[in-house]
Number of protein chains: 2
Amino acid sequence: MVSDKQKNILNFINIFVEKNGYAPSVREICAGVGLKSTSTVQYHLEKLINSGYLQKNYKKSRALTIKSQNPKNKIPILGEIAAGSLLMAEENVIGTVNYPRSEETSELFALSVSGDSMIDEGIHEKDLVIINKSVQIKNGDIGAFLINNTEGTIKFLRKIDGKSYLVPANKNYKNILVNENVQPIGKVVSLIRDM
Amino acid sequence: MVSDKQKNILNFINIFVEKNGYAPSVREICAGVGLKSTSTVQYHLEKLINSGYLQKNYKKSRALTIKSQNPKNKIPILGEIAAGSLLMAEENVIGTVNYPRSEETSELFALSVSGDSMIDEGIHEKDLVIINKSVQIKNGDIGAFLINNTEGTIKFLRKIDGKSYLVPANKNYKNILVNENVQPIGKVVSLIRDM
DNA sequence: GTTTTATTCGAACAAATGTGCTAATATTAA
DNA sequence: TTAATATTAGCACATTTGTTCGAATAAAAC
């Protein structure tokens, strides 16, 4: 299906990207694989794209991406959870973190823990908790919640006498009854602490 | 050091790269962060580069790379620390974990925590601790140690009355005097917990 | 042999893109 | 206040870069 030259080109692109962090231009591919005409490279690129090995962005430079590359594993770190506006608004993103342990990174985001209400569960201030917003928080799980559309918090969800509570892991804090002011955001699936 | 706008730009680049697989052009950054002049973006890029957050390639398009982003981010997870044979022997590797937050991943490895001797420090059984074997463990640090060439453990290193001790974060365990039977392995630099 | 297909080249073009310069405006320091 | 610094804008320019067209060559099929 793809010729040796095409494999050669694909390989060159691969190595180039790994080395430089960005894709080569058509002319750099020329030089890299020993071709003198940009249109020859163009010709091979088209083949590679049709064969599904490459992706290109029309008229954008260095916009080649190699298909079936590793899953995108960067997930956004949210700062303050803005009132009302449900998450993910770009202005709330204060950074990104590599979290390559899951396929469906689009469902994930990270929150920096503030406060010590979960200290007894080994969740410290400044820890980064990874939250999957499409996993339902079940009884006994640790989840992220939005209270009064204002404040984001990490707590246990516990059912006590038929009612649901947000339960801290710190005796100095009280349980919070789950009512219409408490909005579940997602389950805490992982924790990262840098020291 | 870097202004909000600069963080904003860095973040935009981050997200753009994540989304598209290649870096944005100067004009795309303009549009992305709400600036009308390419030279303003140029101005901020220079700041980010001087501050070490970005790398650029002169006159090459879309040739921005975000620093401290290393593709080689898989580090080995060691199981039991085999007696004598210092680490890293392949037979001790029980898996790998992606850990992309450091440059020098070759200095790093991970240990799965066993036992609850550091529970009060929020380090639980089954947690994965990342250890940098080329960072010296200083007084007050949490480090990994090999005891009697047999048993690996995670403890505080504390100097008390001129002597060094391995100090657990759990009253049920005793301090261990550091002598020739205790061998430092490396500093615990990070912790990962999956839930 | 002839025909078809695959590959390569060269040149030219238009668009995308990084860069440089000057000036205006906003912010902060003195 | 004034002075210094930081930020933004606008414009023009030189390159880089993707693209297109036509033709030549090589390889394979017939």
Side-chain angles (χ1 to χ4, degrees), chain A residues 1-67 69 90-91 93-94, chain B residues 1-67 69:
Chain A
M1 186 69 87
V2 294
S3 71
D4 284 350
K5 201 72 182 183
Q6 280 146 30
K7 282 178 195 164
N8 191 209
I9 288 177
L10 194 62
N11 193 44
F12 172 78
I13 296 171
N14 243 320
I15 293 172
F16 189 102
V17 169
E18 189 161 334
K19 204 165 169 183
N20 299 287
Y22 51 87
S25 70
V26 174
R27 281 164 185 83
E28 283 166 342
I29 298 173
C30 272
V33 301
L35 285 172
K36 291 178 183 169
S37 172
T38 55
S39 102
T40 306
V41 171
Q42 208 78 264
Y43 164 82
H44 287 300
L45 288 182
E46 201 171 331
K47 295 258 173 154
L48 284 166
I49 290 165
N50 289 338
S51 303
Y53 288 98
L54 263 186
Q55 275 182 320
K56 203 170 61 163
N57 230 304
Y58 183 68
K59 287 206 172 174
K60 297 204 166 177
S61 54
R62 300 179 186 279
L64 294 170
T65 48
I66 289 162
K67 248 183 171 176
Q69 64 191 24
E90 286 220 2
E91 61 267 26
V93 177
I94 60 172
Chain B
M1 187 68 88
V2 294
S3 70
D4 284 350
K5 201 73 183 181
Q6 280 146 30
K7 282 179 195 163
N8 191 211
I9 287 176
L10 193 62
N11 193 45
F12 172 78
I13 295 171
N14 242 320
I15 292 173
F16 188 103
V17 170
E18 178 194 349
K19 207 165 166 181
N20 300 285
Y22 51 86
S25 70
V26 174
R27 281 164 185 82
E28 283 166 340
I29 298 173
C30 273
V33 301
L35 285 172
K36 291 178 186 169
S37 174
T38 56
S39 100
T40 305
V41 170
Q42 207 78 262
Y43 165 82
H44 288 300
L45 288 181
E46 201 171 332
K47 295 257 173 155
L48 284 166
I49 290 164
N50 288 337
S51 304
Y53 289 98
L54 263 185
Q55 276 183 319
K56 203 170 63 162
N57 231 304
Y58 184 67
K59 287 208 173 174
K60 297 203 167 180
S61 54
R62 299 178 186 280
L64 295 170
T65 48
I66 289 160
K67 248 184 171 176
Q69 184 185 15

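All chains are named by letter (A, B, ...) in the order of the sequence lines, taking the proteins before the strands, and each is independently numbered beginning at 1. Everything numeric in this text was worked out from a predicted model, so none of it was measured.
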> Between atom NZ in A/Lys5 and atom C1' in D/dT25, what is the gap in whole Å?
Replying inline: 15 Å
> Roughly how far, to the nearest 0.5 Å, is CG of A/Leu54 from NE2 of A/His44?
Replying inline: 12.5 Å
> OP1 or OP2 of C/dT8 sitting under 4.0 Å from any side-chain N/O of A/His44?
Replying inline: yes
> Quick check: does any side chain N or O of A/Gln42 sit under 3.5 Å from a backbone N or O of A/Ser39, one acting as donor and the other as acceptor?
Replying inline: no
> Could you give the CG-to-C1' distance, from A/Leu64 to D/dT19, as a whole number of Å?
Replying inline: 14 Å
> Does the side chain to side chain contact (heavy atoms under 4.5 Å, CB included) test come out yes or no for B/Leu64 and B/Ile29, once each step is laid out?
Replying inline: CA-CA 11 Å; B/Leu64 295 170; B/Ile29 298 173; 3.9 Å; yes
> How many Å lie between CG on B/Asn50 and P on D/dT7, as a whole number?
Replying inline: 13 Å
> Taking CD from A/Glu46 and C1' from C/dA6, how many angstroms apart are they, rounded to a whole number?
Replying inline: 14 Å
> To the nearest 0.5 Å, what is the distance between NZ (A/Lys5) and OG1 (A/Thr40)?
Replying inline: 9.5 Å
>> The side chain of A/Leu35 is closest to which nucleotide in this list: C/dT8, D/dA9, D/dT7?
In response: C/dT8
>> I need the OH-C1' distance between A/Tyr43 and C/dT7, as an integer number of Å.
In response: 5 Å
>> Tell me if a side-chain donor or acceptor on B/Ser51 pairs with a main-chain N or O of B/Tyr53 at a distance below 3.5 Å.
In response: no
>> Using OP1 and OP2 only, check whether a side-chain N or O of A/Gln6 sits under 4.0 Å from C/dA6.
In response: no
>> Whether the side chain of B/Glu46 engages the backbone of B/Tyr43 through a donor-acceptor N/O pair (distance < 3.5 Å, no angle test) should be reported.
In response: no
> Any idea which of D/dT7, D/dT8, C/dC9 is nearest the B/Lys47 side chain?
Replying inline: D/dT7
> Can you check the A/Leu54 CG to D/dG18 P distance for me, whole Å?
Replying inline: 13 Å
> Could you give the NZ-to-C1' distance, from A/Lys36 to C/dA12, as a whole number of Å?
Replying inline: 20 Å
>> Please encode protein proximity along nucleotides 16-30 of chain C as a string of B, S and -, counting only heavy-atom distances under 4.0 Å.
In response: SBBBBB---------
